[in-house]
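Worksheet for the structure shown next.
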Protein chains: 2
Amino acid sequence: MDGEAVNRAPGRNDPPLGWRGGMAEPIPIIGGTGALGYGLAIRWARAGERIVIGSRKPERAAEAAEKVREAVPGADVEGYENAEAASKGPVVFLTVPFRAQSETLTNLKQAWSDGQLLVDCTVPLAAALSGKATRTIGVWQGSAAQQAEEMTPDSVTVVSALHTVSAPVLAEEGPLDEDVLICGDRKADKAKAAQLIERIDGLRAINAGALEMARIVETLTAMMISVNVRYKTHAGIKLTNIPDGDHWE
Amino acid sequence: MDGEAVNRAPGRNDPPLGWRGGMAEPIPIIGGTGALGYGLAIRWARAGERIVIGSRKPERAAEAAEKVREAVPGADVEGYENAEAASKGPVVFLTVPFRAQSETLTNLKQAWSDGQLLVDCTVPLAAALSGKATRTIGVWQGSAAQQAEEMTPDSVTVVSALHTVSAPVLAEEGPLDEDVLICGDRKADKAKAAQLIERIDGLRAINAGALEMARIVETLTAMMISVNVRYKTHAGIKLTNIPDGDHWE
């Protein structure tokens with residue numbers, strides 16, 4: 001059986017060969033004390049990934065890590081202040097509320113290393129300014145992701161993802177079967193984010209276009225909230241007619 | 001078997017009871033000579049619906065109707081100049097390119113009857129101004145649908161739909177399995193559009209929110225075009241976790 005497992009073609013949710021193994025670097029989640037960050041941490045912990053949770057206050061990060069370990073016994077998860085957390089792995093997920101995005105990125109300016117990838121998951125909901133969660137606000141740069149790109153060093157690349165996956169659904173035990181739309185200017189960078197996202201069983205990463213496409217994809221959160229209210233659910237998005245096979249190879 | 005068919009609970013794609021029968025009023029498609037209008041006409045014709053195709057030039061409308069009859073033998077479809085076409089049925093679909101939306105609605109101003117419903121399917125793609133089809137332009141009213149609402153009498157209601165369904169896929173014979181996101185301010189109006197849309201086998205109508213939500217849903221066309229280029233396909237959208245049952249009753 002082992003030989004068979006080694007020789008078969010790798011499946012979508014297999015660990016990427018030669019990239020992440022037993023000594024894999026952890027996945028930093030900045031804003032990991034929030035709902036989306038917690039949900040991602042739970043799912044990645046179940047997939048055997050190492051996680052680092054970042055928060056403004058290290059004690060809150062440590063509490064969140066403890067909560068993940070309680071939910072997923074044996075989880076390899078630690079909590080640090082944001083800047084230290086961001087330094088722990090090559091692909092950093094930013095899951096803070098939009099109202100905290102700018103301040104968080106300002107505080108991270110000295111923390112980045114050349115070649116790191118930032119996966120921005122923030123959404124400019126009008127709720128950030130005490131407006132409705134079914135509306136968005138205009139970001140000067142075009143999108144939260146483009147604001148993130150402006151606020152990070154040139155040596156750090158930004159892609160945008162995870163705007164349509166429900167945080168409560170991630171935090172539950174149930175199966176997932178939905179897509180994650182990824183925006184970014186280079187396919188190779190999007191592929192790195194896709195590889196981690198597809199470590200979560202039931203998520204398929206879709207190449208939605210250049211980073212500027214985040215202007216559209218980020219607003220989907222507001223639409224999903226509108227649908228969720230009407231159907232009393234936590235909907236997800238799945239694209240139809242996507243050809244089989246690994247687009248990211 | 002007939003008795004069984006009559007007594008069973010109506011299914012999603014059954015003709016709406018008591019609303020559209022053998023004497024059903026036709027469905028006007030303004031811009032029915034374009035790709036989306038043609039695709040809708042083909043599918044509705046197959047479902048046994050009566051169709052009226054509108055065009056600026058009556059001879060072009062007649063040609064398009066003839067094309068539908070060739071594709072669907074026995075189809076009940078006629079072609080008229082836009083204003084006459086729009087007067088033929090209670091629920092009018094507007095499928096012109098965005099560049100023609102304003103002019104078309106200006107020319108229709110005298111054609112409307114109280115209580116008609118306009119289903120706006122136009123998308124403000126930047127292609128309307130020789131820009132990219134993966135970008136949109138800002139519409140002063142917020143969306144093409146809201147512009148349509150401003151340009152129609154108060155006694156005519158506007159809803160917005162059909163921005164993510166591929167026109168080429170509609171025009172083909174293959175099965176469909178995707179959602180149509182409908183925006184509008186009253187559920188009863190959206191339900192009328194949903195009823196017609198769900199007459200097309202494989203389409204499920206989703207209540208996406210108020211008409212202002214068209215600002216988001218219309219931009220999905222640009223995102224789908226971006227995905228289609230990358231995957232060499234004609235993708236559709238399907239929401240996950242939508243509860244079973246008829247939301248529109």
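Letters A, B, ... are given to chains in the order of the sequence lines, protein chains preceding strands, and every chain is numbered from 1. Hydrogens, waters and symmetry mates play no part in the numbers below; they use all other heavy atoms, side chains included.
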From CE (M223(B)) to CD1 (I206(A)), nearest 0.5 Å: 9.0 Å
On a heavy-atom basis, the closest approach of Y231(B) and P243(A) is O-CG, 3.5 Å
More than 12 heavy atoms of other groups within 6.0 Å of E70(B) CD: yes
When V227(B) is tested against each of N241(A), I242(A), N207(A) for side chain to side chain contact (heavy atoms under 4.5 Å, CB included), which residue passes? I242(A)
Portion of V169(A) that has a non-hydrogen atom of chain B nearer than 4.5 angstrom: side chain
Distance check, rounded to the nearest 0.5 Å: D177(B) atom CG versus T240(A) atom OG1? 7.0 Å
Rounded to the nearest 0.5 Å, the OG1 atom of T221(A) sits from the CD1 atom of I216(B) at a distance of 8.5 Å
What part of L181(A) gets closer than 4.5 Å to chain B, counting heavy atoms only: side chain, backbone, both or neither? side chain
Looking only at heavy atoms, what is the nearest atom pair of G209(A) and S226(B), with distance? CA-OG, 3.4 Å
If you round to the nearest 0.5 Å, how far is CG of L239(A) from NZ of K238(B)? 12.5 Å
Given A208(B), S166(B), A222(B), C183(B), the one with more heavy-atom pairs under 4.5 angstrom with chain A than any other is A208(B)
If you tally heavy-atom pairs under 4.5 Å against chain A, which of L220(B), L176(B), V217(B) wins? L220(B)
Looking only at heavy atoms and a cut-off of under 4.5 Å, which of M224(B), E178(B), K232(B), E212(B) has the most pairs with chain A? E212(B)
Straight-line distance of R215(A) CZ to R135(B) CZ, nearest 0.5 Å: 7.5 Å
Is the count of non-hydrogen atoms from other residues, nucleotides or ligands lying under 6.0 Å from K187(B) atom NZ greater than 12? yes
Measure distances from T164(A) to the heavy atoms of chain B and classify the residue's part below 4.5 Å as side chain, backbone, both or neither. neither
